[in-house]
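Beneath this line is the structure, given in structure tokens, with notes to follow.
Lettering follows sequence order; numbering is per chain, from 1.
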There are 2 protein chains.
Amino acid sequence: MSNNRKQQAMETKQKLLYAAREVFFEHGFKKATIRQINQKAETGHGTAYVYFKNKEDFLVELMLETMESFHNIAAIPFRPSSQSEAHKLIAHQVEQFLSLALEKKQIMKIFKEAIGISANVESNWQHIRNQFIESITKDIVYAQRYALAHQHLNPSITARSWFYMNEMFMWELVEDQYTDDIEEIIEHMTSLYMNGLYISTSHG
Amino acid sequence: MSNNRKQQAMETKQKLLYAAREVFFEHGFKKATIRQINQKAETGHGTAYVYFKNKEDFLVELMLETMESFHNIAAIPFRPSSQSEAHKLIAHQVEQFLSLALEKKQIMKIFKEAIGISANVESNWQHIRNQFIESITKDIVYAQRYALAHQHLNPSITARSWFYMNEMFMWELVEDQYTDDIEEIIEHMTSLYMNGLYISTSHG
DNA sequence: TATGTCAATGACACTATGTCATTAAAAACT
DNA sequence: AGTTTTTAATGACATAGTGTCATTGACATA
């Protein structure tokens with residue numbers, strides 16, 4: 001049986017992946033080198049190239065699981081029958097989104113760094129982005145159909161506005177840029193999204 | 001007089017800067033090399049290093065003027081005395097912001113690419129970001145004082161939400177990602193920011 | 001025991017960066 | 001005018017990383 005052979009190969013690959021993870025966490029994506037990964041995995045220089053095309057390839061593999069989780073959050077159903085229910089559902093989705101990012105903070109930090117460096121990684125994130133935007137667009141159409149939301153707003157543009165603000169706060173949290181309470185951010189964003197900043201007098 | 005000497009040096013530096021610009025536009029920031037810049041400028045390999053520390057340094061210099069323009073837009077005064085005036089001022093600032101980015105589209109594209117690659121360039125952009133956020137925060141405090149805006153919203157969080165959505169649309173435009181009309185984006189964002197997506201019933 | 005397979009390897013070719021001693025031409029000095 | 005000083009410009013060199021591929025050797029199979 002060649003089962004042992006394949007088992008061995010799998011183990012080497014895992015050893016490399018684990019080493020890559022460590023090297024990325026230690027030095028960041030940019031400074032990490034294939035040399036360092038091979039060194040930490042105690043494999044020869046050529047070995048990394050047997051299993052991975054390049055540095056990006058390591059990260060893409062390391063991100064798979066997290067990507068899947070984001071995808072699941074994008075797919076959370078949205079069928080509110082009232083404003084307050086809508087508010088709860090929206091706040092809940094934001095909470096899931098930000099919590100996931102915080103939970104996977106380390107790898108998200110690396111991911112963010114890599115988005116700017118690797119076109120491959122960037123397109124992976126763009127994919128997640130699109131899933132959220134499409135899903136939010138549908139939610140808005142739903143809210144408009146049931147007269148919960150203003151009809152005059154373009155769902156796609158509105159969805160993008162909303163997602164972008166979420167995304168940027170998410171990166172803020174990942175990078176520890178501000179020290180606001182997450183709950184406060186969630187409530188503020190949701191409230192702004194639903195009611196706006198200005199006191200309503202009449203609509204045009 | 002050493003004026004000729006300095007004149008000569010200045011010319012060489014300008015020649016290099018111009019060459020860098022061309023190389024960046026042609027190959028993008030990441031793929032561009034110092035070699036290519038020297039080649040295009042018809043200077044020896046060491047010459048680039050006389051005037052610039054590294055590749056980043058070229059871009060930072062090329063961005064100075066654009067940074068200044070962003071700074072000016074961040075500083076646009078905001079003293080509305082009514083909701084509709086606020087709307088106009090806000091829409092105008094957005095329009096200036098997006099128009100500037102479009103006008104400097106080529107260099108903004110390079111800049112965006114470099115933000116992900118160079119810590120130096122990233123901190124430059126973070127600086128612009130902070131200027132906008134601080135300025136918007138003040139605007140919100142002003143609107144709240146004059147009872148135009150809801151008191152319960154945290155100005156800093158709200159300012160960040162608003163700026164982030166602007167920033168992301170700006171990058172969309174720079175990267176030609178969507179084909180919406182700019183006017184439509186401006187109107188939608190401003191409207192969303194001021195009135196929210198949901199039809200107001202009562203506020204809590 | 002012999003043979004084929006394939007995981008693993010490291011030398012090699014290539015490309016890029018950044019440094020520095022050297023060059024040569026202009027500026028300053030006598 | 002001749003000598004010295006300054007300095008802009010240079011390219012060889014040291015260093016470091018990437019990716020390839022012919023080779024190796026241990027294991028599986030006949």
Side-chain angles (χ1 to χ4, degrees), chain A residues 1-20 22-24 26-62 110 113-114 116-121, chain B residues 1-62 110 113-114 116-121:
Chain A
M1 258 182 231
S2 69
N3 225 8
N4 240 333
R5 247 359 197 318
K6 285 192 175 164
Q7 178 70 20
Q8 181 60 33
M10 263 287 285
E11 269 169 34
T12 305
K13 187 173 177 182
Q14 282 313 116
K15 204 166 56 175
L16 279 162
L17 258 182
Y18 186 76
E22 296 233 307
V23 171
F24 288 157
E26 194 172 340
H27 302 281
F29 182 75
K30 198 183 156 190
K31 286 196 179 170
T33 69
I34 303 266
R35 264 172 166 38
Q36 290 172 319
I37 294 172
N38 275 311
Q39 219 161 315
K40 185 146 276 176
E42 293 176 301
T43 47
H45 176 70
T47 311
Y49 292 97
V50 174
Y51 298 100
F52 301 91
K53 236 181 81 223
N54 48 36
K55 204 166 67 169
E56 298 172 39
D57 220 28
F58 276 96
L59 186 56
V60 168
E61 189 115 357
L62 285 172
I110 302 297
E113 195 192 344
I117 296 170
S118 142
N120 220 336
V121 174
Chain B
M1 258 180 235
S2 70
N3 226 6
N4 241 333
R5 238 21 190 307
K6 285 191 176 164
Q7 177 69 21
Q8 180 60 33
M10 264 286 286
E11 269 168 34
T12 304
K13 188 174 178 182
Q14 282 314 115
K15 206 165 57 176
L16 278 162
L17 259 181
Y18 186 77
R21 191 193 183 79
E22 296 233 305
V23 171
F24 288 156
F25 287 172
E26 193 172 340
H27 303 281
F29 183 75
K30 198 182 155 190
K31 285 195 180 169
T33 69
I34 303 267
R35 264 172 166 34
Q36 290 172 319
I37 294 172
N38 276 310
Q39 220 162 316
K40 185 146 276 176
E42 293 177 301
T43 46
H45 175 69
T47 312
Y49 291 97
V50 173
Y51 299 100
F52 301 92
K53 235 182 82 221
N54 48 37
K55 206 167 64 169
E56 297 173 39
D57 220 29
F58 276 97
L59 187 56
V60 168
E61 188 114 358
L62 285 172
I110 302 298
E113 196 193 345
I117 296 169
S118 141
N120 221 335
V121 174

Quick check for you: among [options], whose closest atom lies nearest to any side-chain atom of [X]?
X	options	result
V50(A)	dG10(C), dA8(C), dA8(D)	dA8(C)
T12(B)	dA8(D), dT17(C), dG19(D)	dA8(D)
T43(B)	dA11(C), dT10(D), dT19(C)	dT10(D)
Y51(A)	dA12(D), dG19(D), dA8(C)	dA8(C)
H45(B)	dG18(C), dG19(D), dA7(C)	dG18(C)

Side-chain N or O of [X] less than 4.0 angstrom from OP1 or OP2 on [N]?
X	N	answer
N4(A)	dA28(D)	yes
Q8(B)	dT7(D)	no
T47(B)	dT10(D)	yes
T33(B)	dT15(C)	no

dT7(D): pairing nucleotide in any strand, Watson-Crick or G-U under 3.5 angstrom: dA24(C)
Quick one: [X] [atom1] to [N] [atom2], roughly how many Å, whole number?
X	N	atom1	atom2	answer
F52(B)	dT17(C)	CZ	P	15 Å
K13(B)	dT7(D)	NZ	P	17 Å
Q14(B)	dA8(D)	CD	P	15 Å
L16(B)	dT10(D)	CG	C1'	13 Å
I117(B)	dA16(C)	CD1	P	15 Å
Y49(B)	dA9(D)	OH	P	17 Å
N38(B)	dA9(D)	CG	P	11 Å
K30(A)	dT17(C)	NZ	C1'	13 Å

Neighbour count above 12 (heavy atom, 6.0 Å) for F25(B) CZ: yes
Residue closer to the 5' end of DNA chain C, E42(A) versus R35(B) (nearest nucleotide): E42(A)
Residue that, paired with S118(B), satisfies side chain to side chain donor-acceptor pair (under 3.5 Å) out of E56(B), K30(B), K55(B): E56(B)
Test side-chain contact (heavy atoms from CB on, under 4.5 Å) applied to E11(B) and Q7(B), K13(B), Q14(B), the passing residue: Q7(B)
K15(A) with E42(A): basic N within carboxylate O range, under 4.0 Å: no
Quiz item: R5(B) side-chain donor-acceptor pair to dT6(D) base, under 3.5 Å: yes
Separation of I117(B) CD1 from I117(A) CD1 (nearest 0.5 Å): 6.5 Å
